[in-house]
Amino acid sequence: MTAHRPAVGGRNGVVTSAHQLATQAGMRMLWEGGNAVDAAVAVAAALSVVEPCSIGPAGVGYMLIRAPREAAPAVLDFVGPAPRAAHPDRFATPGSKDVGILSALVPGAIAGWSAALERYGTMDLAAVLAPAIGYAEQGFPVSAYLHRYLTAARPRLEHTATSREIFLPNGRVPRTGELLIQKNAAMTLRLVAEAGAEAFYHGPIAEEIVQYCARHDGLLTAPDLADFAPRWQEPMSSTYRGLTVYCPPAPSAALEYLVSLRMLNEFPLSEMTCDSDEYLHLLSETFKVAIEERKAHLPDPSLQHAELFSDTHIAAAIQRLDLRRATTSLGERHQYDPTLEWTRAVFANKENTTHFVTADAQGYVVACTQTLGGAFGSGVVAGTTGLLLNSFASWFDTDPASPNVIGPGKRVEVCLAPSQVWSDGEPFLVIGTPGSQGILQTTPQMILNVVDHHLDIQEAIEAPRIRVGRGTLLGTESRFSEATLTGLRARGHQVHDLGAWSRVVGGGHGVSFDPDTSTMWGGADPRRDGFALAW
């Protein structure tokens, strides 16, 4: 065994998420007779309380839901658009689209959770929100991981009285082990449990959010909330080693890792050592080409993105690879953002997302990636709601030349990209990760670890990872051997030590399926507070 803990296996259900209490909330739904969709909403709601740096009811996200007897997973897009008042000139102050009240897109999570339950769930909102309400009302012990995030995000939380009251009680960061109590969030979730999403988008919660924004020069208005509805979509897909890889369509940037996988399909990866400089160089150069493919083609509404996975297009992309020397990357985004440099303090504030997976014996499987944007979102708790507004406007550009420039009612290019990998019409591997734009590099690495290198799900998640940066920068976890790192430097890579277990390369969670034994296996990432349970 090359992992620090074993994969967890069962026949009745698996839940894996970024916090043990959220995973327990999901398992509770399964034990009480619910399905994986009920469990997924319970996990999402619980994470919004116990992992408030990453997820919240006023956040955004994607679910990829497999239902029995359906030919492909359904995509639920609950990423809200920019407010109608989000004209580019409103963001003239540096950083205003990254943190603070201007940075909030229309909240989508509550509508998404409700839509998932309505179509596929068996339980009502009151049942699935009950664990989250309990955690918020009674409190939960702050982990060392959350304490570090609270410390890093203190400047953005201190700015707003409503945020200080909850997350900096007594004027300081709660110590590891202290209870974090969120009474107002409990009240808001209880109102949603009783009155449904209507209360959030048309009722008293909406009124409080809108009034708070009006008093503090925010952009969200009553029509922004009232007009929002999540979207059900068909997935985008491609093939790898005879498997079908499903992910959300545009504006999700998931097509980047589909391009990477299609290119890597032409190389004998199973014959390479997965921690060799030869292997990591091939991955890094493939990721660079895929980044440019995504930047060039994702914003084009006239393009049939499936064309990017054609044999002809992939062959041309492979010709751009330099298999000997590191090439120069122009960066992950159209508009270079120096605040995305890989220092722990900066990254802790800039990227905060979560991913979880649920599965049951009936055949329902859910992969969900959800976010508040930056750490604790905007840093602004909306009045008496107890809810942090998201800061997902940070993923827009302000450069007028960018196809991703912010504008009224516009939908943002989204780095969130959960995946499902199927074999012969059945789920084989369901996996995903947080990690900002690095999601699109971490996800294929985990898939390759299972498919080509035959690691179990926990080993595949724990294995050291890389992330391509700007220029020839290559972030590497320090668990790679010195010989491998020396080889990468010799190939021209500017190797940057990310530490042994780095958030910069995500926090993956996944479930694999063994059709021979009818078992399912869960893995959770120790880079965050990951925890998996099986039944």
Side-chain angles (χ1 to χ4, degrees), residues 60 79-106 156 217-220 224 249-256 259 287-303 305 308 327-343 346-347 349-353 371-375 377-379 389-417 435-441 467-473 475 504:
V60 300
V79 179
R84 288 170 171 80
H87 296 277
D89 58 7
R90 292 299 303 271
F91 302 92
T93 302
S96 59
K97 74 173 182 61
D98 300 323
V99 66
I101 200 163
L102 293 179
S103 66
L105 299 187
V106 176
R156 68 171 58 191
D217 200 29
L219 303 181
L220 291 171
D224 288 324
S252 167
L255 67 84
E256 180 182 314
V259 170
F287 294 160
K288 290 175 186 177
V289 172
I291 287 169
E292 293 308 312
E293 289 287 298
R294 184 253 304 163
K295 287 161 62 178
H297 300 300
L298 180 63
D300 184 354
S302 67
L303 180 70
H305 290 123
L308 301 178
T327 56
T328 299
S329 171
L330 298 177
E332 297 171 332
R333 296 179 63 171
H334 172 91
Q335 187 173 357
Y336 175 57
D337 183 352
T339 67
L340 284 175
E341 298 294 349
W342 296 335
T343 64
V346 167
F347 196 80
N349 272 316
K350 194 67 178 181
E351 184 280 321
N352 265 88
T353 299
T371 189
L372 280 173
S378 62
L389 298 177
N390 68 77
S391 63
F392 214 58
S394 61
W395 287 98
F396 278 112
D397 292 327
T398 54
D399 179 1
S402 171
N404 193 41
V405 65
I406 196 165
K410 191 172 180 181
R411 293 174 56 79
V412 68
E413 179 182 312
V414 182
C415 56
L416 312 179
S436 70
Q437 219 70 60
I439 289 170
L440 312 172
Q441 299 175 42
R467 181 170 171 185
V468 168
R470 189 175 175 85
T472 57
L473 182 65
V504 175

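Note that the structure is predicted; figures quoted are calculated from it, not measured.
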ask   = Going from CG on Leu220 to CD1 on Ile101, what distance comes out if it is rounded to the nearest 0.5 angstrom?
value = 7.5 Å

remark   = Rounded to the nearest 0.5 angstrom, the CZ-CD distance for Phe287 and Glu292 is 14.5 Å

request  = Check whether any side-chain N or O of Asn352 sits under 3.5 Å from a backbone N or O of Gly377 as a donor-acceptor pair, and report yes or no.
outcome  = no

task = Test side-chain contact (heavy atoms from CB on, under 4.5 Å) on Leu308 and His297 and set out the steps.
result = CA-CA 9 Å; Leu308 301 178; His297 300 300; 3.5 Å; yes

key: Heavy-atom pair of closest approach, residues Asp397 and Ser402   = OD2-OG, 2.6 Å

key: Candidate pair Ser103 and Ser394, rule side-chain contact (heavy atoms from CB on, under 4.5 Å), full reasoning   = CA-CA 7 Å; Ser103 66; Ser394 61; 5.9 Å; no

Exercise: identify the closest heavy-atom pair between Gly469 and Ser329 = O-CB, 3.4 Å

request  = Determine yes or no for a side-chain-to-main-chain donor-acceptor pair under 3.5 angstrom, with Asn404 supplying the side chain and Trp395 the backbone.
outcome  = yes

Val405 and Asp399: CA distance, side-chain angles, deciding distance, side-chain contact (heavy atoms from CB on, under 4.5 Å) verdict = CA-CA 6 Å; Val405 65; Asp399 179 1; over 6 Å; no

Below 3.5 Å, can you tabulate the donor-acceptor pairs from side chains in residues 85-93 to any protein atom, sequence neighbours excluded?
from: Arg90; atom 1: NH2; to: Asp217; atom 2: OD1; distance (Å): 3.4

ask   = How close do Ile406 and Ala82 get, heavy atom to heavy atom, and via which atoms?
value = CG1-CB, 4.5 Å

message = Under the salt bridge (Lys or Arg N to Asp or Glu O under 4.0 Å) test against Glu332, which residue among Arg467, Arg470, Lys295 passes?
response = Arg467

remark   = With sequence neighbours left out, the residues meeting ring-ring contact (aromatic ring centres under 6.0 Å, His included) with His305 are none

inquiry  = Going by side-chain contact (heavy atoms from CB on, under 4.5 Å), name the residues that satisfy it together with Ala417, two or more places apart in sequence or in a different chain.
reply    = Ser252, Ala254, Tyr257, Ile439, Leu440

task = Report the residues that fulfil side-chain contact (heavy atoms from CB on, under 4.5 Å) with Val99, sequence neighbours left out, ordered by chain and then residue number.
result = Arg156

ask   = So, does Gln441 use its side chain to make a donor-acceptor pair with the main chain of Val468 at under 3.5 Å?
value = yes

request  = Could you tell me the separation between the OG1 atom of Thr328 and the NZ atom of Lys288, rounded to the nearest 0.5 Å?
outcome  = 7.0 Å

inquiry  = Give me the atom names and distance for the closest heavy-atom approach of Thr353 to Thr371.
reply    = OG1-OG1, 2.9 Å

ask   = Considering all heavy atoms of both residues, which atom of Val60 and which atom of Asn390 are nearest to each other, and what is their separation?
value = CG1-ND2, 4.4 Å

inquiry  = When you compare the side chain of Lys97 with that of Leu102, does any pair of heavy atoms fall below 4.5 Å?
reply    = no

request  = Taking side-chain hydrogen bond (donor to acceptor under 3.5 Å, both in side chains) as the test, write out the residues that go with Gln437, two or more places apart.
outcome  = none

message = Go through it in stages, so that I can follow the logic: the residues are Val259 and Arg294, the test is side-chain contact (heavy atoms from CB on, under 4.5 Å), and I'd like the CA-CA distance, side-chain angles, deciding distance and then a yes or no.
response = CA-CA 9 Å; Val259 170; Arg294 184 253 304 163; over 6 Å; no

query = Does Thr327 have any side-chain hydrogen bond (donor to acceptor under 3.5 Å, both in side chains) partners at least two apart in sequence or in another chain, and if so, which?
reply = Glu285

